[in-house]
Amino acid sequence: MPFFNDVYDVVKSIPPGHVMSYGRVAMMAGKPRAARMVGWALHTNPDNATIPCHRVVFRDGSLASGFAFGGPGEQRRLLESEGIEFTNERVPQKFFL
């Protein structure tokens with residue numbers, strides 16, 4: 001799907017140590033109201049080694065319970081390995097693009 005490829009391109013542009021919300025990824029991929037489709041695209045991520053889907057979080061900074069590559073514990077571990085800190089189980093806004 002062309003939209004999925006656009007999502008992957010946006011997610012590849014998120015630098016280590018930063019996150020982006022599903023809604024912002026959708027907006028940057030050209031479909032501002034397609035945050036759920038972003039989730040679907042990331043759940044079917046064909047190459048999690050080059051498409052860092054762990055850098056996409058909910059707008060309140062919480063993690064998706066259905067993180068497809070090891071669950072929310074693995075997503076948090078990956079984010080913390082990039083220097084992202086958590087406050088009350090959420091990524092603070094200072095880490096958002």
Side-chain angles (χ1 to χ4, degrees):
M1 292 178 88
F3 177 69
F4 280 25
N5 291 328
D6 293 341
V7 166
Y8 301 145
D9 288 342
V10 170
V11 173
K12 286 178 189 177
S13 76
I14 305 170
H18 293 86
V19 297
M20 194 178 286
S21 71
Y22 290 94
R24 177 127 170 114
V25 171
M27 183 184 72
M28 293 184 69
K31 292 192 178 201
R33 300 185 55 86
R36 287 186 184 205
M37 282 183 66
V38 168
W40 182 21
L42 296 180
H43 192 74
T44 61
N45 180 348
D47 185 5
N48 65 329
T50 61
I51 303 168
C53 59
H54 65 279
R55 296 183 188 144
V56 182
V57 299
F58 291 116
R59 68 179 170 196
D60 68 355
S62 60
L63 306 181
S65 62
F67 182 67
F69 303 99
E74 178 63 7
Q75 183 179 15
R76 181 177 178 142
R77 187 193 70 73
L78 289 167
L79 292 172
E80 287 177 333
S81 76
E82 295 180 355
I84 293 177
E85 303 160 0
F86 285 76
T87 303
N88 298 323
E89 301 300 314
R90 298 185 193 306
V91 176
Q93 287 295 311
K94 70 180 182 178
F95 294 102
F96 278 72
L97 290 180

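The residues of the chain are indexed from 1 along the displayed sequence.
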Show the atom names and distances, to 0.1 Å, of all donor-acceptor pairs under 3.5 Å that link a side chain in residues 88-97 to residues at least two apart or in another chain.
{"unit_1": "Glu89", "atom_1": "OE1", "unit_2": "Arg76", "atom_2": "NH1", "d": "2.9"}
{"unit_1": "Arg90", "atom_1": "NH1", "unit_2": "Asp60", "atom_2": "OD2", "d": "3.2"}
{"unit_1": "Gln93", "atom_1": "NE2", "unit_2": "Arg59", "atom_2": "O", "d": "3.4"}

Single-linkage hydrophobic cluster Met20~Phe3, side-chain heavy atoms < 4.5 angstrom: yes
Cluster link Phe58 to Ile84, ILVMFWY, side chain under 4.5 Å: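 No.
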Flag side-chain contact, heavy atom, 4.5 Å: Leu79 against Leu63: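 Answer yes - side chains close enough.
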Side chains of Val19 and Ile14 in contact at under 4.5 Å (non-hydrogen atoms):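 Side-chain contact under 4.5 Å: no.
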At what distance, to the nearest 0.5 angstrom, does [atom1] of [X] lie from [atom2] of [Y]?
X: Phe4; Y: Ile51; atom1: CZ; atom2: CD1; value: 11.5 Å
X: Met28; Y: Asp6; atom1: CE; atom2: CG; value: 11.5 Å
X: Tyr8; Y: Asn45; atom1: OH; atom2: CG; value: 5.5 Å
X: Arg77; Y: His54; atom1: CZ; atom2: NE2; value: 9.0 Å

Salt bridge (charged side-chain N to carboxylate O under 4.0 Å, His left out) partners of residues 46-56, not counting sequence neighbours, each pair once: Arg55-Glu82
Heavy-atom closest pair, residues Cys53 and Leu42: CB-CD2, 3.8 Å
Over all atoms of both residues, closest heavy-atom pair of Ala34 and Ala26: C-CB, 3.7 Å
Pairs meeting criterion side chain to side chain donor-acceptor pair (under 3.5 Å) with involvement of residues 17-31, two or more places apart: none
Donor-acceptor contact below 3.5 Å, side chain Gln75 vs main chain Val57: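 Here the side-chain-to-backbone pair does not exist.
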Working for side chain to side chain contact (heavy atoms under 4.5 Å, CB included), residues Trp40 and Val7: CA-CA 10 Å; Trp40 182 21; Val7 166; over 6 Å; no
